[in-house]
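Input: a single structure, listed below in structure tokens.
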Amino acid sequence: MRHPLCERLRDELDELSSRKLLKAEREIASPQSAHINLRAVGERDILNMCANNYLGLSNHQTLVQAAHVGLDRYGFGMSSVRFICGTHSVHRALETRVSDYVRTEDTILFGSCFDANAGLFEAILDAGDAVISDSLNHASIIDGIRLCKAERFRYANNDMDELDRALREARHCRTVLVVTDGVFSMDGIAANLPGICNLAKRHGALVMVDDSHAVGFIGPGGRGTPALHGLEDQVDILTGTLGKALGGASGGYVSGRHEIIAWLRQRARPYLFSNSLMPALCEASLAAIDLAERADDLRQNLTARTYQLRKGLSDLGFQVSGSDHPIVPVITGNAAIAVQIADFLAARDILAVPFSYPVVPQGAARIRMQVSAAHSAEDIERVLAAFQSVRSSI
Ligand SMILES: *Cc1c(COP(=O)(O)O)cnc(C)c1O
């Protein structure tokens with residue numbers, strides 16, 4: 001007989017399935033790219049509108065070759081955490097390179113940005129401290145904050161009045177940390193960093209920004225949202241991922257004040273108790289940052305294609321969230337309509353994902369597309385044509 005736990009999970013899975021809420025995984029049978037093959041349909045060319053492949057580097061030959069060189073030079077794995085015998089020269093080289101790139105004092109690598117956020121707060125904040133978090137912050141920030149003993153405050157997305165109120169309420173705390181995503185991933189909107197830094201400064205609070213959906217393609221040289229606003233020296237802690245624009249393999253980091261990074265090497269649990277990044281991945285990530293830093297042409301195409309898609313959808317009468325980020329959410333409100341549109345696009349070999357409650361608020365269902373520098377004007381036209389015909393069929 002199955003254990004009752006398995007019976008219960010089976011029931012809950014069936015329930016999700018009957019409500020069409022089960023996340024099915026499509027198997028990709030080609031490299032990740034603007035155009036892919038899916039195992040289910042074979043060699044057919046599918047236009048991919050939902051990867052975090054903002055600069056189109058996921059299968060860039062420079063990165064692939066750098067990874068090969070790394071494999072030949074350093075072998076496959078480290079079989080150790082960093083502080084035992086898992087620190088390779090290439091780890092330090094990448095940490096230094098990230099610091100140079102985003103203009104911070106030092107950087108510590110993690111297995112992922114999820115791990116970076118999971119390890120950060122508990123290590124630096126304690127009872128008597130406070131953390132003030134935007135309500136739309138990423139799940140890894142929410143979980144990381146749950147793990148720490150600091151007093152918790154939350155403000156409505158980008159609401160500077162609520163942030164100001166929280167900062168006043170937290171006045172009695174030793175250390176106050178304001179935490180925000182640089183770009184909110186479900187809406188494609190940027191944090192009000194000038195407002196946040198201004199208020200934090202006034203109240204003597206620290207600022208932490210998770211720039212996962214910005215590093216590599218936002219701001220001068222793709223240095224991210226602090227650089228976009230010239231606020232590099234006012235952001236105390238910057239986290240980010242290697243798993244999106246910067247080649248998209250895996251890995252994350254915390255970057256910032258020297259003492260904070262030094263302390264994380266002593267205390268951050270996902271750093272102390274999880275294996276080091278594969279050296280070949282670090283070698284390729286070095287190449288990714290070199291490429292990204294000089295990739296004004298890619299960023300220009302990304303901006304042009306993003307404008308084309310956003311403007312085209314608005315002209316067709318669709319409600320598009322945000323103003324200029326390559327995350328392009330088309331708000332349908334109704335969850336069934338979002339699914340219907342995604343199915344309609346899929347039937348035309350265009351991949352876009354519907355999101356509904358609880359990932360986004362009730363009644364705010366949407367199709368989220370993500371533009372890549374690897375998309376052509378024709379690709380975007382194809383998407384717009386599909387949206388034009390879906391309008392008359394729903
Ligand atoms: C994607 C993302 C993460 C997680 O990054 P991984 O490196 O994939 O773990 C963390 N924070 C934000 C804001 C993200 O968008």
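Predicted, not measured: the structure shown is a model, and the values here were computed from it. Every number for a ligand or one of its atoms is a count from 1 in the order of the listing. In this chain, numbering begins with 1 at the start of the sequence shown.
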Fill in: Among Thr107, Ile124, Asp106, side-chain contact (heavy atoms from CB on, under 4.5 Å) partner for Leu264
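Of the listed residues Thr107, Ile124, Asp106, the side-chain contact (heavy atoms from CB on, under 4.5 Å) partner of Leu264 is Ile124.
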What protein heavy atom sits nearest [atom], and how far away is it?
atom	result
atom 12 (C) of ligand 1	Asp210 OD2, 3.3 Å
atom 5 (O) of ligand 1	Cys113 CB, 3.3 Å
atom 1 (C) of ligand 1	Lys244 NZ, 1.4 Å
atom 3 (C) of ligand 1	His138 CE1, 3.4 Å
atom 7 (O) of ligand 1	Thr241 OG1, 2.6 Å

Worksheet entry | Selection from Phe114, Phe184, Phe110, Tyr253 by shortest heavy-atom distance to atom 4 (C) of ligand 1 |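 The option holding the nearest heavy atom is Phe114.
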Worksheet item: Is there a side-chain contact between Ser376 and Asp379 (heavy atoms, below 4.5 Å)?
Response: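 Touching, per the 4.5 Å side-chain cut-off.
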Going by distance alone, is a donor N or O of one side chain under 3.5 Å from an acceptor N or O of the other, for [X] and [Y]?
X	Y	value
Tyr54	Gln370	yes
Ser33	His35	no
Asp187	His325	no

Worksheet item: Relative to Phe318, does Arg391 satisfy both conditions: NZ or CZ under 6.0 angstrom from the six-membered ring centre, and within 45 degrees of the ring's axis?
Response: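 Relative to the ring axis of Phe318, which defines the angle, Arg391 lies inside both limits.
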Practice prompt. May I ask you to check if Arg348 and Phe344 form a cation-pi contact, with NZ or CZ under 6.0 angstrom from the six-membered ring centre and within 45° of the axis?
Written response: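 Yes, Arg348 lies over the aromatic ring of Phe344.
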Worksheet entry | ligand 1 contact by Gly243, heavy-atom criterion under 4.0 angstrom |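 False for this residue.
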Per-atom contacts of ligand 1 with [X], taking only distances under 4.0 Å to non-hydrogen atoms:
X	answer
Gly251	7 (O)
Ser140	10 (C), 11 (N)
Asp181	13 (C)

Discussion item. Using every non-hydrogen atom in the two residues, find where Thr104 and Ser255 come nearest and quote the distance to one decimal.
Written reply: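 Closest approach of Thr104 to Ser255, heavy atoms only: OG1-OG, 2.5 Å.
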Worksheet item: Which bit of Ser212 gets closer than 4.0 Å to ligand 1, counting heavy atoms only: side chain, backbone, both or neither?
Response: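 It is the side chain that touches ligand 1; the backbone stays farther off.
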